[in-house]
4 protein chains.
Amino acid sequence: MNESDSQVFHPESFRIDPSRPLYEQYVEQIRARIACRQLLPGTRLPSVRDFAAVMRINPTTAARTYQELERDHLLETFRGQGTYVTRDTAQIAAARKAIAQAAVRELHEVAESLGLSVRGLLELAEWEE
Amino acid sequence: MNESDSQVFHPESFRIDPSRPLYEQYVEQIRARIACRQLLPGTRLPSVRDFAAVMRINPTTAARTYQELERDHLLETFRGQGTYVTRDTAQIAAARKAIAQAAVRELHEVAESLGLSVRGLLELAEWEE
Amino acid sequence: MNESDSQVFHPESFRIDPSRPLYEQYVEQIRARIACRQLLPGTRLPSVRDFAAVMRINPTTAARTYQELERDHLLETFRGQGTYVTRDTAQIAAARKAIAQAAVRELHEVAESLGLSVRGLLELAEWEE
Amino acid sequence: MNESDSQVFHPESFRIDPSRPLYEQYVEQIRARIACRQLLPGTRLPSVRDFAAVMRINPTTAARTYQELERDHLLETFRGQGTYVTRDTAQIAAARKAIAQAAVRELHEVAESLGLSVRGLLELAEWEE
DNA sequence: GTGGTCTAGACCACA
DNA sequence: GTGGTCTAGACCACG
């Protein structure tokens, strides 16, 4: 683990709810960092073992996290060389949009279940930007 | 189970994902029906046993569903008589607002994780009412 | 049911929590009224049937209420004549004291479970007369 | 179950009334132990299965006990790892105060029902610290 | 009849 | 290993 790696992930920078699956939360938060360009294409991630050590989680949990993100084509692993954020910016843009759409679809479903429009829901929640 | 009861809940009207906790989904959907006034204050719900039979779930699971909603003060239980939608409309209004706020807070967190405002997120998702 | 009877019990004057046994709550509240001299010795109570009708409860619930209070010697029933508050003021005084002692014992047990004295408990609760 | 776990809970140290809900009594008594600092923040509780075995109750009942306390934010559950006393001491202090206030409120209501002040009730019960 | 609780035992996802 | 959920079926108190 070199210095630049250790700068990539700090344990305090992840907000973890112990009652939800850990791997799920790490996936979500790493995905968001890639989508918001906080983690740039080509960035090298810490090894699974280092990630687990830094986060103080089980290595299998760390491995599962990376696997999920690979399946999403947001991470690329080159055997023996390490894991990197994909250089395929189209994939990243697609992920970004998918996250947004999933969030909005969810909001829309909640609104519908209350018999409201999305705008109506925002008003009821007294939301203001 | 009388006719009016059987009109309250149709098994087809619940959308259940078998991979998520059943009681949780029934709670959410009954809560939404109360919050959107589809289930009016004072309405009698089917008995735990009837609900279980209609939904083809275990009575224990049905009971747990009702208990969760009673804890939320959306249902009232009259010993030996049955379970009813609360007549306390303030509780219902509070639940309605809480559902909306939870949804909006969730949206806001996703937006934040992408480095966007809520408005920006809606735009990215190409949402239009 | 004559006029003076109907003045004895008003449904609104009882605070009932539907999730607790009804008979238990009526027993407690009638016992307290006798103990605090709101219901005087010799007062005639409504018949079981009238009590049930006024309170809109099941007659068996009303009967059980009266039975419990008879067992405590706070009510006396003369068959065919009705039910009366006992004229034995010693019984009433004893009940009064028993209620107080039970309440204080309960408080003491809670205090003990928190590792506090009763005085300490009152302070923690920020109680002031 | 290691030795330190088995020291946490002894079956004889719980006073259980079989005529009341078991889970309720375990909840009350564990809550009190947390509130009085007998169970310290971060302490690991026995596993649900061990707790059930030691107390000779069904694992379901044991699980329900832990879940109630988790809902109260007095326990935290780490998936696949176990259940721990919350490290959030504010929650513990709040629970401690809530227990005290509930007890005092109860006392106050009894006093009121007898037409007495709390001080008057304590005198009637001949309570002395 | 109602809901509430408990037991027994199974299966699952997670770490 | 952990806790979470579900099923099946029993018993109880209450109204």
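Worth saying up front: this structure is predicted, and the values here are computed from it rather than measured. Here is the naming used below: chain letters follow the sequence lines, and residue numbers restart at 1 for every chain.
Sorted by residue number, the members of residues 62-81 of chain B with any non-hydrogen atom under 4.0 Å from DNA chain F read B:Arg64, B:Arg79, B:Gly80.
We find that CG of D:Asp17 is positioned 13 Å from P of F:dA13, with the value rounded to whole Å. Between D:Glu24 atom CD and E:dG3 atom P there is a gap of 19 Å when expressed in whole angstrom units. Rounded to whole Å, atom P of E:dT5 lies 14 Å from atom CD1 of D:Ile57. Regarding B:Tyr26, its OH atom lies at a distance of 15 Å from the P atom of F:dT5, rounded to whole Å. Protein atom CZ of B:Arg56 is 17 Å distant from nucleotide atom P of F:dC6, rounded to whole Å. Distance, B:Phe51 CZ to E:dG3 P: 12 Å, rounded to whole Å. In this structure, the OH atom of D:Tyr84 is 11 Å from the C1' atom of E:dA15, given to the nearest Å. Across the protein-nucleic acid pair, C:Arg20 atom CZ and E:dG4 atom P stand 15 Å apart, rounded to whole Å.
Checking the phosphate oxygens (OP1, OP2) of F:dC6, no side-chain nitrogen or oxygen of B:Tyr23 falls inside 4.0 Å. Phosphate contact (OP1/OP2 of E:dT7, side-chain N/O of D:Thr61, threshold under 4.0 Å): present. Residue B:Thr83 places no side-chain N or O under 4.0 Å from the OP1 or OP2 atom of E:dT2.
With a 4.5 Å cut-off on side-chain heavy atoms, A:Phe9 and A:Leu39 count as touching.
The residue among C:Leu22 and D:Thr60 whose nearest nucleotide of DNA chain F is located toward the 5' end is D:Thr60. Where B:Gly82 and A:Pro21 each meet DNA chain E at their nearest nucleotide, the meeting point lying more 5' is that of B:Gly82.
Atom CD of A:Glu70 is separated from atom CG of A:Leu75 by 6.5 Å, given to the nearest 0.5 angstrom. Rounding to the nearest 0.5 angstrom, the gap separating the CG atom in D:Asp72 from the CD atom in D:Gln91 is 9.0 Å. Distance check: C:Arg31 CZ to C:Glu68 CD gives 8.0 Å after rounding to the nearest 0.5 Å.
Side chain of B:Arg44 to main chain of B:Val85: no donor-acceptor pair is present (N/O by atom type, distance under 3.5 Å, no hydrogens or angles).
In B:Arg87, the CZ atom is not crowded: 12 or fewer heavy atoms of neighbouring residues, nucleotides or ligands sit closer than 6.0 Å.
Of the candidate nucleotides F:dA8, E:dG3, F:dG3, E:dG3 has the atom nearest to the side chain of B:Arg49. When distances run from any side-chain atom of D:Asn58 to the nucleotides E:dT2, E:dT7, F:dC6, the shortest one goes to E:dT7. Among E:dA15, E:dT7, F:dG3, the nucleotide with an atom closest to any side-chain atom of D:Ser47 is F:dG3.
No salt bridge links C:Glu28 with C:Arg33; every basic N to acidic carboxylate O contact stays at or beyond 4.0 Å. Salt-bridge formation is detected for the pair D:Arg20/D:Glu24: a Lys NZ or Arg NE/NH1/NH2 atom is positioned less than 4.0 Å from an Asp or Glu carboxylate oxygen.
Not less than 6.0 angstrom separates the ring centroid of D:Tyr66 from the ring centroid of D:Tyr26.
Remark: DNA chain F forms stems of 3 or more consecutive Watson-Crick or G-U wobble pairs, all pair distances under 3.5 Å, at E:1-14 with F:1-14.
Side chains of B:Asp88 and B:Thr86: a donor-acceptor N/O pair is absent below 3.5 angstrom, by distance only.
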